[in-house]
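Both backbone and side-chain heavy atoms feed into the values below; hydrogens, waters and symmetry mates do not.
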Amino acid sequence: MKDISIGELKDRAQDLRRKALTMIYEAQSGHPGGAFSAAEVVTYLYFKEMNIDPKNPEWPDRDRFILSKGHACPIQYAALGTLGYFPEEEMHKLRKEGSMLQGHPNMRKCPGIDISTGSLGQGLSVGVGMAVAGKRDGKNYRVYVVIGDGELDEGELWEGFMAANAWGLDNLVVILDDNGLQLDGTTDEIIPHLDVVKKMDAFGFETYDIDGNDMEQVADAFGKINASSSGKPKFIDARTVKGKGVSYMENQLGWHGKAPNDEEYEIAMKELGGR
């Protein structure tokens, strides 16, 4: 774990939002809503929790991170660029032809991406496989998988949950970015998820229910996970706000996949504490 305070992590989350916003604005393409809702979780993992080495992205003993909701990749790219996985000027090339920063994470192009994602539902299955490999090989790494709440509509996720319990994958941590909105409407309107925490309890996970945009609660959940000896896979229901940090984006379905214009960009940057 890195030595960084909660206050510094909060500032870093805002910095990552500004960088993600700029990437999407310059590309005039991308998904700000789900990127911003996941900022605190992504910040905590990359800057505090995970055992990783930007100078050695394929280090065999590193913790693994999977952004199964791959369309939110600008927030991950912001973290990777800030940590030095690639030169920060690459962040000005989002979605450009030939760029390492494609519209969904591409492990063949971008250092620090452990698996290419974007087809919803598949990230957890890969994470289960990585966790099984870690157990088989006697490794101490953890696998962290961030999924979206709209992604819960995918049956493959539920197969992954069952497998994680069956194989006792206590080295697997699943974080649900539970912002209540998906591409076509609210999750309650499309397929209600009801009580996800109770479901995951029934699936054999150790569960946590937190405000995923509250850094103190994020830190508390991971602290408890690190102290746990339950032998169970872990699940965090991180209740978040889509578009968090920008007033006109918050809880607005239209900002699922939309780039700001000049005026909107200026307003958003000011609200995020930038220029």
request  = Start with the C-alpha gap between Thr117 and Gln122, add the side-chain angles, then the distance that decides, and say whether side chain to side chain contact (heavy atoms under 4.5 Å, CB included) holds.
outcome  = CA-CA 7 Å; Thr117 60; Gln122 295 182 1; over 6 Å; no
Once you round to the nearest 0.5 Å, how far does [atom1] of [X] lie from [atom2] of [Y]?
X: Glu26; Y: Thr22; atom1: CD; atom2: OG1; value: 6.0 Å
X: Leu45; Y: Ile175; atom1: CG; atom2: CD1; value: 5.0 Å
X: Glu156; Y: Leu124; atom1: CD; atom2: CG; value: 8.0 Å
X: Gln28; Y: Asn261; atom1: CD; atom2: CG; value: 7.5 Å
X: Ile24; Y: Cys73; atom1: CD1; atom2: SG; value: 8.0 Å
X: Thr240; Y: Asn251; atom1: OG1; atom2: CG; value: 9.0 Å

message = Under a 4.0 Å threshold between the charged nitrogen and the carboxylate oxygen, would Asp195 count as salt-bridged to Lys199?
response =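 A salt bridge is absent here (no side-chain N lies under 4.0 Å from a carboxylate O).
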Salt-bridge present (Glu8, Lys48; N to O < 4.0 Å) =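 No, no charged N to carboxylate O under 4.0 Å.
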Honestly curious: do [X] and [Y] fall in one hydrophobic cluster under the side-chain, below-4.5 Å linking rule?
X: Leu253; Y: Leu120; value: no
X: Leu272; Y: Leu94; value: no
X: Val196; Y: Leu181; value: no
X: Met249; Y: Leu183; value: no
X: Val197; Y: Phe203; value: no

Minimum heavy-atom separation for [X] and [Y], please, with both atom names.
X: Val145; Y: Gly127; result: CG2-CA, 4.1 Å
X: Asn106; Y: Ser116; result: CA-OG, 3.6 Å
X: Val42; Y: Ala79; result: CG1-CB, 4.2 Å
X: Ile75; Y: Ala20; result: N-CB, 4.1 Å
X: Ser29; Y: Ala259; result: N-CB, 3.6 Å
X: Ala164; Y: Val128; result: CB-CG2, 4.4 Å

With a 6.0 Å cut-off on ring centres, are [X] and [Y] close enough?
X: Tyr25; Y: Tyr265; value: yes
X: Tyr248; Y: Trp255; value: yes
X: Tyr77; Y: Phe86; value: no

Using side-chain heavy atoms (C-beta onward) and a distance below 4.5 Å, is [X] in contact with [Y]?
X: His256; Y: Gln182; value: no
X: Ile225; Y: Arg142; value: yes
X: Leu80; Y: Pro111; value: no
X: Ser230; Y: Asp170; value: no
X: Leu176; Y: Ile236; value: no
X: Thr82; Y: Leu16; value: yes

Do other residues, nucleotides or ligands put more than 12 heavy atoms under 6.0 Å from the [atom1] atom of [X]?
X: Lys2; atom1: NZ; answer: yes
X: Glu58; atom1: CD; answer: no
X: Lys224; atom1: NZ; answer: no
X: Trp158; atom1: CH2; answer: yes
X: Asn140; atom1: CG; answer: no

query = After noting the C-alpha distance and the side-chain angles of His193 and Asp153, does the key distance pass the side chain to side chain contact (heavy atoms under 4.5 Å, CB included) rule?
reply = CA-CA 9 Å; His193 301 140; Asp153 300 351; 3.3 Å; yes
inquiry  = Please determine whether side-chain hydrogen bond (donor to acceptor under 3.5 Å, both in side chains) holds for the pair Asp177 and Ser37, giving the CA-CA distance in whole Å, both sets of side-chain angles, and the decisive distance to 0.1 Å.
reply    = CA-CA 7 Å; Asp177 183 19; Ser37 62; 2.6 Å; yes
Indicate whether any N or O donor in one side chain lies under 3.5 Å from an N or O acceptor in the other, for [X] and [Y].
X: Thr207; Y: Asp201; result: yes
X: Glu159; Y: Ser125; result: no
X: Glu151; Y: Ser68; result: yes
X: Gln217; Y: Tyr208; result: no
X: Glu40; Y: Thr43; result: no
X: Thr186; Y: Glu189; result: yes

Hydrophobic cluster partners of Ile191 (side-chain heavy atoms under 4.5 Å) =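 Ile190, all in the cluster of Ile191.
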query = Which pairs count as salt bridge (Lys or Arg N to Asp or Glu O under 4.0 Å) when at least one residue sits in residues 240-268, sequence neighbours excluded?
reply =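 Salt bridge (Lys or Arg N to Asp or Glu O under 4.0 Å) check on residues 240-268 returns no pairs.
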inquiry  = For a side-chain hydrogen bond (donor to acceptor under 3.5 Å, both in side chains) check, start with the C-alpha distance between Glu271 and Ser247, then their side-chain angles and the critical distance, and finish with the verdict.
reply    = CA-CA 8 Å; Glu271 292 187 1; Ser247 58; 2.7 Å; yes
query = With Arg239, which residues qualify under side chain to side chain contact (heavy atoms under 4.5 Å, CB included), at least two apart?
reply =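 Testing Arg239 for side chain to side chain contact (heavy atoms under 4.5 Å, CB included), a comparison that skips the adjacent residues, returns Asp178, Asp209, Asp237.
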inquiry  = Ring-plane angle category for Phe222 and Tyr44, please: parallel below 30°, perpendicular beyond 60°, tilted otherwise.
reply    =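 Answer is parallel, since the angle falls under 30°.
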message = Do Arg64 and Tyr141 form a cation-pi contact, if we require the NZ or CZ to be under 6.0 Å from the six-membered ring centre and within 45 degrees of the ring's axis?
response =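 Flagged: Arg64 positioned over aromatic ring of Tyr141.
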query = With respect to Val174, which candidate in Ile147, Val146, Ile66 satisfies the side-chain contact (heavy atoms from CB on, under 4.5 Å) definition?
reply =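 Result: among Ile147, Val146, Ile66, Ile147 is the only option passing the side-chain contact (heavy atoms from CB on, under 4.5 Å) with Val174.
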query = Can you list the steps and then say if Lys232 with Phe205 is a side chain to side chain contact (heavy atoms under 4.5 Å, CB included)?
reply = CA-CA 6 Å; Lys232 296 180 177 181; Phe205 278 69; 5.9 Å; no
message = side-chain hydrogen bond (donor to acceptor under 3.5 Å, both in side chains) for Glu206 and Ser228? Distances and angles first, verdict last.
response = CA-CA 9 Å; Glu206 180 178 314; Ser228 173; 2.6 Å; yes
inquiry  = Could you go through Lys135 and Trp167, starting from their C-alpha distance and side-chain angles, then the distance that decides it, and tell me whether this counts as side chain to side chain contact (heavy atoms under 4.5 Å, CB included)?
reply    = CA-CA 10 Å; Lys135 290 284 189 182; Trp167 296 329; over 6 Å; no
query = When you look at Arg62 and Asp114, which way does the salt bridge (charged side-chain N to carboxylate O under 4.0 Å, His left out) test go after all the steps?
reply = CA-CA 10 Å; Arg62 73 191 183 282; Asp114 289 314; 2.9 Å; yes
